[in-house]
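As structure tokens, the structure follows; a few thoughts come after it.
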There are 2 protein chains.
Amino acid sequence: MTARAGRGSLSKSALHRGVGVALWRQIGDEIRRGIGAGLADENGRLPPEAELAARFGVNRHTVRAAIAALIHEGVLRSEQGRGTYVRRQKRLTYPIGTRTRFSAGLEGQARDRQVELLDHMKEPANAVVAAALGLGAGVDVIRLEMLGLADGVPISRSTSWFSATLFPDIAGYVARTHSITEALALSGTRDYRRASTTIEARHADDTDTRDLRLSPGAIVLVARGVNVDGNGKPIQYSQTRFSADRVELTVSPA
Amino acid sequence: MTARAGRGSLSKSALHRGVGVALWRQIGDEIRRGIGAGLADENGRLPPEAELAARFGVNRHTVRAAIAALIHEGVLRSEQGRGTYVRRQKRLTYPIGTRTRFSAGLEGQARDRQVELLDHMKEPANAVVAAALGLGAGVDVIRLEMLGLADGVPISRSTSWFSATLFPDIAGYVARTHSITEALALSGTRDYRRASTTIEARHADDTDTRDLRLSPGAIVLVARGVNVDGNGKPIQYSQTRFSADRVELTVSPA
DNA sequence: ACCAATTTGTCCGTATGTATT
DNA sequence: AAATACATACGGACAAATTGG
């Protein structure tokens with residue numbers, strides 16, 4: 001999309017009827033994608049409903065249903081007599097690298113960034129967590145449920161596990177400092193780095209729609225990874241869900 | 001998903017009515033996601049329709065519609081009196097790193113891997129391509145449209161741009177060798193590495209659904225990046241779309 | 001102040017698709 | 001397989017707000 005010649009042409013995209021996805025939703029997805037690819041003009045104004053209807057080959061009401069959904073999502077805003085406008089133009093770029101830290105990574109992209117601890121608990125590690133942290137299955141771990149915000153908008157929703165014996169007080173530190181980096185430092189781990197990350201994409205489930213304020217059918221990017229300390233010993237396993245509409249990930253070398 | 005306690009529990013996920021996605025399709029998406037997360041047993045057998053219906057809180061007819069669609073897509077296969085089975089179990093893991101090469105990256109995960117050149121052309125670089133390759137806007141570049149397959153299944157669909165003056169014969173080389181690495185070597189560039197990659201996720205557009213054989217509403221992972229030669233000079237800008245159902249990306253350090 | 005053109009908002013009715021029983 | 005309820009899609013008509021002459 002980014003590297004296409006056209007100026008707002010939105011390639012007469014064929015809609016598919018009878019495939020279990022309503023036309024208005026397909027059109028909504030097209031409009032969402034079209035934003036930032038020249039569909040809206042320089043003021044963020046969309047073409048009028050009648051023109052969009054003609055372009056998609058549907059009734060104006062169907063376009064209106066799509067726009068209504070996007071307004072409900074907070075993507076668009078419309079004013080009677082004036083037109084329909086895009087609310088947020090740009091997507092945040094979140095770095096995935098050896099030294100990823102939430103706040104530092106978004107520096108310069110959002111005025112206000114913060115991490116909120118939603119919940120925490122001690123529990124026995126399941127097979128995946130145990131393997132990732134190099135612990136025996138069933139060993140106690142501490143799980144943190146966190147929400148990352150940028151300028152008040154939910155950006156990421158993560159679940160992290162730490163060894164309960166090595167980081168018994170991690171939850172309190174995170175609650176106090178609002179920072180994993182500082183909480184680890186208070187626990188005695190001054191430095192850490194990302195050992196591996198896998199990235200997948202899927203539809204938002206209801207946890208995602210609630211915590212990240214998404215609409216059903218929205219997409220989340222899921223990054224799973226392990227942080228290790230200076231000696232290469234695993235200290236944190238985490239799984240982070242990003243709103244695909246609001247962020248893109250960038251793999252930085254270094 | 002991966003790191004959740006349950007064995008096949010599939011978290012009573014609430015379905016949403018009136019959101020533009022038919023229930024049978026939502027259930028289909030859930031089943032697709034549930035595969036590989038313990039929904040199917042060790043033989044790849046799904047729970048019986050009646051049980052799925054109870055689990056999702058819908059009528060059995062609706063589950064049957066979902067299964068029928070997944071059978072049509074080639075994800076499931078069902079046998080009267082025996083049950084419904086998963087065709088492909090695992091998702092491929094595609095490495096994104098400094099030394100990403102399609103075929104080598106999937107080694108061991110698929111018996112047969114190949115890259116097919118769908119189309120190629122010479123064109124003036126647009127702003128994005130020119131910036132990525134460090135060329136002046138409007139300079140001629142060669143664009144390659146490629147399809148990556150693993151065991152005959154389309155995995156990735158990429159568009160790449162090369163400087164037309166530095167790599168005038170790249171299309172022919174790729175067509176002959178079915179490999180970017182070898183085509184670059186024939187052009188005199190023995191070594192290259194990935195300088196940067198950004199990853200986003202979005203709904204499949206009709207190009208994607210056609211080339212990657214996806215159903216509308218499916219998700220694609222989009223990786224955009226630049227390859228540079230030994231001296232750090234950009235030689236290739238590419239944009240690759242992966243089927244999010246079939247592939248996950250992994251960021252390898254090194 | 002007025003008018004015409006443009007654009008979104010609301011209402012009617014009808015046909016088809018989806019989901020349940 | 002059939003009856004029912006609701007969501008989706010279409011078509012047309014008009015009201016309400018904005019813009020510019």
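Below, chains carry the letters A, B, ... as their sequence lines are ordered, and counting in each starts from 1.
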TODO: Could you tell me whether the phosphate oxygens of C/dT7, OP1 or OP2, come under 4.0 Å of any side-chain nitrogen or oxygen in A/T84?
DONE: no
TODO: Output the residues of residues 70-78 of chain A in contact with DNA chain C, where contact means a heavy atom of the residue under 4.0 Å from an atom of the strand; sort by number or write none.
DONE: A/S78
Roughly how many Å is it from [atom1] in [X] to [atom2] in [N], rounded to a whole number?
X	N	atom1	atom2	value
A/L46	C/dT8	CG	P	9 Å
A/E51	C/dT6	CD	C1'	12 Å
B/Q26	C/dT18	CD	P	13 Å
B/W24	D/dC6	CH2	C1'	18 Å
B/E49	C/dA19	CD	C1'	16 Å
A/R45	D/dT19	CZ	P	10 Å
A/L52	C/dT6	CG	P	17 Å

Open item on the list: Just to verify, what does A/E123 make a side chain to side chain donor-acceptor pair (under 3.5 Å) with, not counting sequence neighbours?
Closed with: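 Applying side chain to side chain donor-acceptor pair (under 3.5 Å) to A/E123 gives A/R143, A/W161.
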Open item on the list: Tell me every residue that passes side chain to side chain donor-acceptor pair (under 3.5 Å) with B/T159, counting only those two or more places apart in sequence or in another chain.
Closed with: B/E145, B/R241
Donor-acceptor contact below 3.5 Å, side chain [X] vs main chain [Y]:
X	Y	result
A/D151	A/R111	yes
A/R246	A/P154	yes
A/D205	A/T207	yes

Task: 4.5 Å side-chain heavy-atom contact, A/R157 and A/L118 - done: yes
TODO: By nearest nucleotide on DNA chain C, pick out whichever of A/E79 and B/V21 is the more 5' one.
DONE: A/E79
Task: Complementary nucleotide for D/dA13 - Watson-Crick or wobble, under 3.5 Å - done: C/dT10
At a cut-off of 3.5 Å, list every protein nitrogen or oxygen paired with a nitrogen or oxygen from nucleotides 10-13 of chain D, distance to 0.1 Å.
{"unit_1": "D/dC10", "atom_1": "OP1", "unit_2": "A/R17", "atom_2": "NH1", "d": "3.4"}
{"unit_1": "D/dC10", "atom_1": "OP1", "unit_2": "A/R17", "atom_2": "NH2", "d": "3.2"}
{"unit_1": "D/dC10", "atom_1": "OP2", "unit_2": "A/N59", "atom_2": "N", "d": "3.2"}
{"unit_1": "D/dC10", "atom_1": "OP2", "unit_2": "A/T62", "atom_2": "OG1", "d": "2.3"}
{"unit_1": "D/dG11", "atom_1": "OP2", "unit_2": "A/N59", "atom_2": "ND2", "d": "3.4"}
{"unit_1": "D/dG11", "atom_1": "O6", "unit_2": "A/H61", "atom_2": "NE2", "d": "2.9"}
{"unit_1": "D/dG12", "atom_1": "O6", "unit_2": "A/H61", "atom_2": "NE2", "d": "2.3"}

Task: 5′-ward residue of the pair B/G20/A/R82 relative to DNA chain D - done: B/G20
Task: Contact nearer the 5' end of DNA chain D, comparing A/R25 with A/Q80 - done: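 Nearer the 5' end of the strand: A/R25.
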Open item on the list: For B/R213, I'd like to know if atom CZ has over 12 heavy atoms of other residues, nucleotides or ligands within 6.0 Å.
Closed with: no
Task: A/S156: partners by side chain to side chain contact (heavy atoms under 4.5 Å, CB included), with sequence neighbours left out - done: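 Per chain and number, A/S156 pairs via side chain to side chain contact (heavy atoms under 4.5 Å, CB included) with A/F102, A/T240, A/F242.
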TODO: Just jot down the side chain to side chain contact (heavy atoms under 4.5 Å, CB included) partners of B/I71, sequence neighbours excluded, or say none.
DONE: B/I67, B/L76, B/S78
